Asker: 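Structure in structure tokens, see below.
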Amino acid sequence: MSKSEQNVFFTEFCEDMTAYIGVVESVKTAADVGRARDAMHALAGAALIIGANKLAETARRIEKTDPGAVVMKRSELMDDLIAVCEETAAEISRLFLSASRFE
């Protein structure tokens, strides 16, 4: 994969990650949890593909959480998810998006 392709791929991954966070953030009732589960399932799969295991584990934990608990603990789950997403984005940026001074 060329540096340009890496930039596109990982930029799109981070954009998708942000969208998935928005789905969980939008949960208001247990009826909304299905969309959040689907988003966390997709995020976990994408995270595994790039080796972001901590992000995958966090997404899976949210995906498997009881719908009522997702609603009641949404703020706590969001804090955990955002923290791991920020760590993942920083690592992606450091490893793949930062211009090398040796290029």
Side-chain angles (χ1 to χ4, degrees):
M1 183 180 295
S2 72
K3 184 69 172 169
S4 176
E5 291 169 328
Q6 280 183 353
N7 283 334
V8 170
F9 178 83
F10 287 109
T11 298
E12 288 176 357
F13 177 88
C14 290
E15 290 169 356
D16 290 346
M17 186 169 57
T18 301
Y20 294 137
I21 291 170
V23 173
V24 176
E25 191 171 39
S26 71
V27 169
K28 303 288 189 245
T29 68
D32 300 329
V33 174
R35 286 188 358 260
R37 281 188 170 162
D38 290 346
M40 291 300 94
H41 184 81
L43 180 58
L48 287 172
I49 288 169
I50 67 163
N53 295 329
K54 187 174 179 182
L55 177 57
E57 290 169 10
T58 301
R60 289 283 166 155
R61 183 172 45 84
I62 295 169
E63 177 187 8
K64 303 282 185 203
T65 301
D66 178 80
V70 171
V71 174
M72 291 179 62
K73 297 180 177 184
R74 184 176 60 89
S75 180
E76 178 184 323
L77 295 171
M78 284 299 302
D79 289 346
D80 291 347
L81 180 60
I82 290 169
V84 175
C85 285
E86 287 175 348
E87 289 173 21
T88 302
E91 190 69 3
I92 287 171
S93 180
R94 184 182 72 76
L95 293 173
F96 301 108
L97 300 179
S98 298
S100 171
R101 62 182 183 199
F102 300 111
E103 288 185 67

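This one's a predicted model, so the numbers in the text were calculated from it and none came from an experiment.
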Asker: When the side chains of residues 68-86 are checked against the rest of the protein, which donor-acceptor pairs come out under 3.5 Å, sequence neighbours left out?
Answerer:
residue, atom, partner, partner atom, Å
Arg74, NE, Val27, O, 3.0
Arg74, NH1, Glu25, O, 2.8
Asp80, OD2, Arg61, NH2, 3.4

Asker: Show the atom names and distances, to 0.1 Å, of all donor-acceptor pairs under 3.5 Å that link a side chain in residues 11-23 to residues at least two apart or in another chain.
Answerer:
residue, atom, partner, partner atom, Å
Thr11, OG1, Asn7, O, 2.6
Thr18, OG1, Cys14, O, 3.0

Asker: Name all residues meeting the salt bridge (Lys or Arg N to Asp or Glu O under 4.0 Å) criterion together with Arg37; count only those two or more places apart in sequence or in a different chain, and write none if there are none.
Answerer: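 Arg37 satisfies salt bridge (Lys or Arg N to Asp or Glu O under 4.0 Å) with no other residue.
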Asker: Please answer: with hydrophobic residues joined when any side-chain heavy atoms are less than 4.5 Å apart, are Met1 and Val8 in the same cluster?
Answerer: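 Result: no, two separate clusters.
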Asker: Evaluate the side-chain proximity of Leu48 to Leu55: yes if any heavy-atom separation is below 4.5 Å, no if none is.
Answerer: no
Asker: Do side-chain atoms of Lys54 reach the backbone of Thr88 as a donor and acceptor pair under 3.5 angstrom?
Answerer: no
Asker: Among all residues two or more places apart in sequence or in another chain, which pass the side chain to side chain donor-acceptor pair (under 3.5 Å) test with Ser2?
Answerer: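 Per chain and number, Ser2 pairs via side chain to side chain donor-acceptor pair (under 3.5 Å) with Glu5.
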Asker: Could you pull out all residues at least two apart from Thr29 that satisfy side-chain contact (heavy atoms from CB on, under 4.5 Å)?
Answerer: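 Residues passing side-chain contact (heavy atoms from CB on, under 4.5 Å) with Thr29: Ala31, Asp32.
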Asker: For Phe10 and Leu95: C-alpha separation, side-chain torsions, deciding distance, then whether side-chain contact (heavy atoms from CB on, under 4.5 Å) applies.
Answerer: CA-CA 10 Å; Phe10 287 109; Leu95 293 173; over 6 Å; no
Asker: Which atom pair, heavy atoms only, marks the closest approach of Ala56 to Ala47?
Answerer: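 So the two residues come closest at N-CB, 3.7 Å.
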Asker: Do Met40 and Lys64 have side chains that approach each other closer than 4.5 Å (heavy atoms only, starting at C-beta)?
Answerer: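 The answer is no; the side chains never approach within 4.5 Å.
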Asker: Who passes side chain to side chain donor-acceptor pair (under 3.5 Å) against Glu57, sequence neighbours left out?
Answerer: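 If we apply the side chain to side chain donor-acceptor pair (under 3.5 Å) test to Glu57, skipping adjacent residues, there are no hits.
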Asker: Which heavy atom of Gly45 sits nearest a heavy atom of Arg60, and at what distance?
Answerer: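 What the structure gives for the nearest pair is N-NH2, 4.3 Å.
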